[in-house]
Amino acid sequence: MSDKAVRVRFAPSPTGYLHVGGARTALYNYLFAKRHGGKFILRVEDTDEERSTEESMRMQIADLKWLGLDWDEGPNAETLIDVGPYGPYRQSQRKTIYEEHADKLIAEDKAYYCFMTDAEIDVQRQQSVKEGRPPQVNSPYRDWPIEKARERMAKGEKPSVRFKVVEKKDYVLNDLVRGQVTFPSDMVGDFVMLRSSGMPVYNFCCAIDDALMKITHVFRAEEHLSNTLRQMMLYEAFGYELPQFGHLSIILGSDRQKLSKRHGATSCHEYNLNGYLPEALNNFIALLGWSSPNAQEIISMKEMIEQFSPERLNASPAVFDETKLSWVNATHLRALPSEELWRRVEPYLREAGLTLPTDAAWRSRALDTFKTSMNNLKDSVELFRYVSEDKMPVGDDAKEILALPTTKAVLEAWKSGVEASTSDFMSEEQFLKLQDSIKDSQGVKGKNLFQPIRVAVIGKPQGTELKMLIPLLHKRTLVARANEVLSRL
RNA sequence: GUCCCCUUCGUCUAGAGGCCUAGGACAACUCCCUUUCACGGAGUAGACACGAGUUCGAAUCUCGUAGGGGACGCCA
C-alpha cells in the first residue's frame with residue numbers, strides 16, 4: 001500500500017434509489033477510508049442526461065445518510081452544495097474540465113473527431129459479429145486531418161470524440177481482489193470519450209475525475225473490470241498515476257442471476273420502510289463478499305472499521321439471502337436498549353394509529369415482552385395492537401377454543417375477575433391469582449383454561465405469555481375484549 | 001462469437017501444500033426449557049464442479065473440460 005493519504009470515492013449514477021449492491025460498494029469504500037484515516041468522497045455520475053435526475057440524487061443521498069455512510073467531500077446532504085477542495089463533485093458540472101482534456105488528446109493525435117452515425121456504427125458492428133470479430137467500430141475519420149474535421153463542424157455538424165487505440169500490447173492490472181489481470185489492448189476499439197452532445201462518457205470522466213480528485217483506491221463492482229482497460233489507456237495518455245483497483249463480485253438473487261427488481265426488494269429504501277435497521281443491513285451486506293478475521297457474524301460499524309482489509313474480500317459472486325438478513329436484523333434489534341428501540345419503533349406505531357399508554361416504564365416493559373418475537377420494526381405493529389386500546393380481530397384459529405364446552409363459564413369468571421380488580425393495570429401476581437381461582441372454581445386447567453383467556457385478550461389461542469401480556473393492558477380494554485368474545489358464544 | 005472474471009454444505013463463508021476425519025453462521029431436522037407461540041440451550045444431517053498433472057502429500061499450485069457471471073454502447 002502506498003504511503004499517500006487514502007482517498008476513496010463512491011460514484012453512483014442518480015437513477016432511482018440506492019441499490020443494495022451500490023450500498024455494499026459504498027460501505028467497503030467507507031470502511032477502507034475510516035480504517036486508514038482517509039477521506040471518503042461522494043461523486044455524482046450524472047452524465048446520462050436521459051436517466052439522471054436531481055430527485056434520484058436526493059434519494060440516494062438520503063439512503064447513504066440512513067446507512068450512516070457519511071462523506072467528507074461531495075454535495076452536502078441538505079443543500080447539495082459542494083463541500084471539498086476538488087469540486088465540483090457532480091460530473092454534469094465538470095464539462096469544461098472534460099472538454100479541456102479531450103482537446104489535449106486531440107491536439108496530441110491521441111483522439112479524433114468522429115462523424116459516424118448510429119446507423120453506420122450499427123452496420124459495422126453487425127458485420128464484425130458476422131465475421132466472428134469483436135463488435136468494434138473502425139471509424140473512417142480516424143486519420144482525418146484536424147482541419148478537415150473542423151470544416152465540417154463549422155457547417156454545424158456535431159461529431160463525437162473517440163480515443164485512438166494505437167499500440168497493440170497487454171495492460172496488466174494488479175487488482176486488490178482478483179490479483180493480476182491481463183487485458184490485451186485489442187479487446188477494445190476506438191471508444192467514445194465525448195458524445196456528440198458534448199457530454200462525456202463514463203470511462204472518460206471516471207478516469208479524469210479519479211486522477212484529479214487524487215483518488216488512491218477504487219473499490220467498485222465487477223462489471224467495471226473490463227472498463228478498466230479503457231481507463232488505463234486514458235491514464236497512460238494523460239500521464240496520470242493509476243489508483244489501485246479492487247473489483248468486487250456482484251450480488252445475485254436466489255436464482256443466481258444478477259440481483260434485480262424481480263427478486264423483490266433491492267433498494268435500501270425498501271429495507272428502511274420494511275423495518276430493517278441500518279446497522280443490520282450494513283452488517284449483512286458487508287458479509288456478502290467480506291469476512292471478519294475472527295468470524296464474527298454480528299458486527300458493528302466500529303468493529304468493521306477496525307477489521308476491514310481488502311485481503312479478506314472474496315472474488316466470487318454472493319447470493320442475497322433474505323432469511324439470513326432477517327436473522328441479522330432480529331439480532332441487532334434485540335440488542336438495542338429499550339429507549340433506543342422505542343425511538344425506532346415509534347414511527348411505525350404512530351403510522352398504524354394505535355392508542356397506547358405513554359409512560360416510559362410501560363413502554364420498556366412492552367418492548368421487553370415483544371422483542372423476542374420481532375424480526376423487524378414493522379412487526380411491532382401487530383404486537384402492539386394486542387396491548388393497545390383498539391378493538392382486536394378474533395381469528396379463525398380461535399373457533400375451536402371458543403367451541404369448548406367449558407369456555408363460556410371460564411370467560412365469565414375471567415370477566416368478573418377482571419372487573420373486580422381494584423387497579424387499572426393488573427400485576428403479574430394478581431393475574432396468576434385470578435387464573436388460579438378460575439381453575440379452582442370452574443375445575444378447568446391447562447390448555448382449556450389459558451387458551452380461552454388468551455383468545456379473550458388477543459383474539460387468538462397462541463402467542464405471548466399471558467402473565468407478560470395482561471399487566472400491559474388496561475382493565476377497561478380487558479373487559480371490552482372479554483365482552484366482545486363472550487358475545488360470540 | 002471474442003475477451004475477462006468466478007466455482008467449498010441449500011445460502012453466506014473459513015481455508016495461503018501436511019494443523020482438514022474440511023471449521024463457523026443462517027436455514028432444515030431432533031431434543032431440552034416452556035400450560036401455547038417466540039426467545040434461549042444442546043445436538044443431527046449437509047460441501048471442496050469434473051478430469052488430468054506437479055508433489056512424499058492438493059480444497060489449496062498448473063493445465064484442460066463443464067457450468068455461471070461480466071464486458072464488447074454516443075449506459076454507468
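Just so it is clear: chains get the letters A, B, ... in the order the sequence lines come, proteins before strands, and each one is counted from 1.
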Looking only at the side chains, is there a donor atom on one of A/Gln91 and A/Asp209 sitting less than 3.5 Å from an acceptor on the other?
yes
Considering Watson-Crick and G-U wobble pairs with both distances under 3.5 Å, what does B/A27 pair with?
none
Using the benzene-type ring in the case of Trp, are the ring centres of A/Phe308 and A/Trp290 under 6.0 Å apart?
yes
Residue whose nearest RNA chain B nucleotide is more 5′ - A/Gln451 or A/Gln91
A/Gln451
Applying a 4.0 Å non-hydrogen cut-off, can you work out what A/Thr182 is touching in the nucleic acid: base, sugar-phosphate, or nothing?
sugar-phosphate
If you look at every strand shown and take non-hydrogen atoms under 4.0 Å, does A/Val188 touch a base, only sugar-phosphate, or nothing?
nothing
Taking the six-membered ring for Trp, are A/His224 and A/Tyr202 ring centroids under 6.0 Å apart?
yes
Under 3.5 Å for both donor-acceptor distances, Watson-Crick or wobble: does B/A59 have a partner, and if so which one?
none
With both distances under 3.5 angstrom, what nucleotide forms a Watson-Crick or G-U wobble pair with B/A22?
none
Within the structure shown, what part of the strands sits under 4.0 Å from A/Arg230 by heavy-atom distance: base, sugar-phosphate, or nothing?
sugar-phosphate
Remember a base hit wins even if backbone is also touched, and classify A/Gln257 as base, sugar-phosphate or nothing at under 4.0 Å, heavy atoms.
sugar-phosphate
Does A/Arg152 make a cation-pi contact with A/Phe115 (under 6.0 Å, within 45 degrees of the axis)?
yes
Is there a Watson-Crick or G-U wobble partner for B/A71 with both distances under 3.5 Å, and which nucleotide is it?
B/U2
Mate of B/U7 where both pairing distances stay under 3.5 Å, Watson-Crick or G-U
B/A66
How far does CZ of A/Arg94 sit from CD1 of A/Ile208, to the nearest 0.5 angstrom?
8.5 Å
Take a 6.0 Å sphere around CD of A/Glu400 and say whether it holds more than 12 heavy atoms from other residues, nucleotides or ligands.
no
Minimal heavy-atom distance between A/Leu194 and A/Val192, with the atoms involved, is O-CG1, 3.4 Å
Touch class at under 4.0 angstrom, heavy-atom based, for A/Met116 against every strand present:
base
Between the side chains of A/Tyr271 and A/Asn329, does any donor sit under 3.5 Å from an acceptor?
no
Touch check for A/Arg454, heavy atoms < 4.0 angstrom, all strands: base, sugar-phosphate only, or nothing?
base
Mind checking if A/Gly289 touches a base, just sugar-phosphate, or nothing, with heavy atoms under 4.0 Å?
sugar-phosphate
Using a 4.0 Å heavy-atom cut-off across all strands, classify A/Ser291 as base, sugar-phosphate, or nothing.
sugar-phosphate
Does A/Lys445 reach a base, just sugar-phosphate, or nothing at all? Heavy atoms under 4.0 Å.
nothing
Under 4.0 angstrom, heavy atoms only, what part of the nucleic acid is A/Glu45 near: base, sugar-phosphate, or nothing?
sugar-phosphate
Need to verify one output field. Residue with the more 5' nearest nucleotide on RNA chain B, A/Val177 or A/Leu449?
A/Val177
Answer yes if the side chains of A/Asp46 and A/Ser92 hold a donor-acceptor pair under 3.5 Å, and no otherwise.
yes
Taking B/A66 as the reference, what is the distance to B/G51 when you measure between their P atoms (whole Å, please)?
15 Å
Pairs in or reaching into residues 248-258 of chain A: which pass side chain to side chain donor-acceptor pair (under 3.5 Å), with residues at least two apart or in two chains?
A/Asp255-A/Arg262, A/Asp255-A/His263
Any chance NZ of A/Lys164 has more than 12 other-residue heavy atoms, nucleotides or ligands included, within less than 6.0 Å?
yes
For A/His247, answer base if it contacts any base atom (sugar-phosphate contacts may also be present), sugar-phosphate if it contacts only those atoms, and nothing otherwise; contact means non-hydrogen atoms under 4.0 Å.
nothing
Scan residues 312-323 of chain A against RNA chain B and write down, sorted by residue number, each residue with any heavy atom closer than 4.0 Å; if none is found, say none.
A/Arg312, A/Asn314, A/Ala315, A/Ser316, A/Pro317, A/Ala318, A/Val319, A/Asp321, A/Thr323
Please give the nucleotide sitting opposite B/C37 as a Watson-Crick or G-U wobble pair, both distances under 3.5 Å, or none.
none
Applying a 4.0 Å non-hydrogen cut-off, can you work out what A/Ser249 is touching in the nucleic acid: base, sugar-phosphate, or nothing?
nothing
Over all strands shown, is A/Ser373 touching base, sugar-phosphate only, or nothing at heavy-atom distances under 4.0 angstrom?
sugar-phosphate
Let's test this: given Watson-Crick or G-U wobble pairing with both distances under 3.5 Å, identify the partner of B/A16.
none
Which nucleotide span of RNA chain B, 5' end to 3' end, has atoms closer than 4.0 Å to non-hydrogen atoms of chain A?
B/G1 to B/A76
